[in-house]
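For reference, the structure is listed below as structure tokens.
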Amino acid sequence: MWDAFGRFCQTRWLEFYYLFEGDEWTIFLLGAGLVPSLAFWCFNGVLMVADVTGKPAFITRYRIQLGKNDPVDTKRLRQAIYVALFNQFFISLPMLVPMFSVMKWWGNTFSKELPTFRWFLVELSIFTLIEEILFYYTHRLVHLPLLYKRIHKKHHEWTAPIGVVSIYAHPVEHMLSNTLPVLTGPMIMGSHIVSITAWFSLALITTSISHCGYHLPFLPSPEFHDFHHLKFNQCYGVLGVLDYLHGTDTVFRKTKAYERHRVLLSFTPLSESIPEAPKRAE
């Protein structure tokens, strides 16, 4: 099965490569820029419909912070969209220029032969590890009081985040914490453009899930990062490994949110099956 799938992908890649006559910059711009951006906005477009209208119920019933963004403030949403678009066009896109030079130096990025699926999985593991390390420590950096006030506070205006807020940030933060950790892995590995496209798209969708405010069935749990937006000084990383090692998840581990921090394998919202403890009467 995998051999057949590999041959299918190889054929489609060669068709795409010759369609653009091997123009490496065009192929890179489409693969590293356009396709991941389309994945981001298509995914968040569905979420924003739910945020604004409160429908469909099969999304909104999985809301994490009950009563928040129900519906979302459309003025704040427009501002978030404008900032996200600015960051994509004026921060992320220009950062692809030096990345293109690095990938050209490696000489493997535009090979007519695709990497094997097994090798892509190895790369994906390395990319994820590098992102965890770089994001955790740059995120801790922008939480220092001076940098928080001047830079990171913008992102934390949303204590109950939504998907598009994943790239709603000060330009410096977007470059340092959002974009650089994702770009670094492929630059170190000299990855193929198809691997880069898949990784960038996956990274953007994953961070959107982490910020979306809904704990949806069969998707990664957003409880960890949602708790960070709620409490500010917990859960700085992506995977949680460095938070565990540095003790920056100790409060989180004592909460109901931690009990809910797993992939939901049923259609019953975890807010119903693992509800918050009732508040004590004053």
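Since this is a predicted model, take the numbers as computed values, not measurements.
Enclosure of atom CD in Glu272 by more than 12 non-hydrogen atoms of other residues, nucleotides or ligands within 6.0 angstrom is indicated. For Arg150, the CZ atom counts as loosely surrounded, since its 6.0 Å shell holds 12 or fewer non-hydrogen atoms of other residues, nucleotides or ligands. Other residues, nucleotides and ligands contribute only 12 or fewer heavy atoms inside 6.0 Å of the NZ atom of Lys153. Within 6.0 Å of CZ in Phe20 there are more than 12 heavy atoms belonging to other residues, nucleotides or ligands. More than 12 heavy atoms of other residues, nucleotides or ligands sit less than 6.0 Å from atom CZ of Phe16. Other residues, nucleotides and ligands contribute over 12 non-hydrogen atoms within 6.0 Å of the CZ atom of Phe218. The number of heavy-atom neighbours closer than 6.0 Å to CD of Glu15, taken from other residues, nucleotides and ligands shown, is above 12.
For the pair Leu66/Glu276, no side-chain contact is recorded, criterion being any heavy-atom separation below 4.5 Å from C-beta on.
In this structure, Asp51 contributes its side chain and Pro71 its backbone to no donor-acceptor pair below 3.5 Å. Panel note: side chain Glu259, backbone Ile274; no donor-acceptor pair is recorded below 3.5 Å. Distance alone, capped at 3.5 Å, is enough to place a donor-acceptor pair between the Asp23 side chain and the Thr26 backbone. Without hydrogens or angle criteria, Ser177 side chain to Phe135 main chain gives no donor-acceptor distance under 3.5 Å. Arg76 places a side-chain N or O within donor-acceptor distance of the main-chain N or O of Glu157, the cut-off being under 3.5 Å. Distance alone, capped at 3.5 Å, is enough to place a donor-acceptor pair between the Thr255 side chain and the Phe252 backbone. The main-chain N or O of Gly31 is found under 3.5 Å from a side-chain atom of Thr197 such that the two form a donor-acceptor pair. At least one donor-acceptor pair under 3.5 Å links the side chain of Arg63 to the backbone N or O of Asn69. Although no hydrogens or angles enter the test, the distance criterion places no donor-acceptor pair under 3.5 Å between the side chain of Ser195 and the main chain of Ser191. Of the possible donor and acceptor atoms, one in the side chain of Asn44 sits under 3.5 Å from a partner among the backbone N and O of Val164.
Taken from CG in Leu219 to CD1 in Ile205, the straight-line distance is 10.0 Å, to the nearest 0.5 Å. Atoms OG and CD1, from Ser208 and Ile167 in turn, are 7.5 Å apart once rounded to the nearest 0.5 Å. Rounded to the nearest 0.5 angstrom, Ile162 CD1 and Tyr168 OH are separated by 10.5 Å. From Asp243, atom CG reaches atom OH of Tyr136 across 5.0 Å, with rounding to the nearest 0.5 Å. Going from atom CZ of Phe110 over to atom CD1 of Ile193 covers 5.5 Å, rounded to the nearest 0.5 Å. For the atom pair OG1 (Thr60) and OH (Tyr214), the distance works out to 6.5 Å, reported to the nearest 0.5 Å.
Each of His155, His139, His156 was scored for a ring pair (Phe, Tyr, Trp, His ring centres under 6.0 Å) with Phe232, with one residue passing: His156.
Shown here for Ile209 and Pro220, the closest heavy-atom pair between the two residues is CG2-O, 3.4 Å. What you find for Phe89 and Pro94 is that their closest heavy atoms are O-CD, 3.4 Å. Of all heavy-atom pairs between Lys254 and Thr250, the closest is CG-O, 3.5 Å. Ser37 and Gln88 get closest at one heavy-atom pair: OG-NE2, 3.7 Å. Pro181 approaches Ile130 most closely through the heavy-atom pair O-CG2, 4.3 Å.
In terms of hydrophobic clustering, with Ile, Leu, Val, Met, Phe, Trp and Tyr side chains grouped at heavy-atom distances under 4.5 Å, Ile27 and Leu114 are assigned to a common cluster. In terms of hydrophobic clustering, with Ile, Leu, Val, Met, Phe, Trp and Tyr side chains grouped at heavy-atom distances under 4.5 Å, Val97 and Ile196 are assigned to a common cluster. A single hydrophobic cluster is seen to contain both Phe200 and Trp106, as judged by linkage of ILVMFWY side chains at heavy-atom distances under 4.5 Å, directly or through other members. Following chains of ILVMFWY side-chain contacts shorter than 4.5 Å, one can reach Leu38 starting from Leu202, so the two form part of one hydrophobic cluster.
Side chains of Gln65 and Asp226: a donor-acceptor N/O pair is present below 3.5 angstrom, by distance only. The closest side-chain donor-acceptor pair between His192 and Thr109, if any, does not fall under 3.5 angstrom. For Glu131 and Trp199, the side-chain atoms include no donor-acceptor pair closer than 3.5 Å. Side-chain atoms of Tyr18 and Lys112 include a donor-acceptor pair closer than 3.5 Å. Counted by atom type alone, Tyr236 and Arg140 present zero donor-acceptor pairs between their side chains at under 3.5 Å.
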Stepwise, does the ring pair (Phe, Tyr, Trp, His ring centres under 6.0 Å) test hold for His215 with Tyr62? CA-CA 5 Å; His215 195 143; Tyr62 297 101; 8.4 Å; no
May I have the step-by-step check of salt bridge (Lys or Arg N to Asp or Glu O under 4.0 Å) for Lys256 and Glu223, ending in yes or no? CA-CA 10 Å; Lys256 291 290 185 179; Glu223 300 280 352; over 6 Å; no
Ring pair (Phe, Tyr, Trp, His ring centres under 6.0 Å) between His143 and His152: does it pass, once the steps are laid out? CA-CA 7 Å; His143 267 270; His152 193 48; 4.5 Å; yes
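Within the 6.0 Å centre-distance limit, the rings of His211 and His225 are counted as a close aromatic pair.
Using bins of under 30°, 30° to 60° and over 60° for the plane-to-plane angle, the ring pair Phe28/Phe100 lands in the tilted bin.
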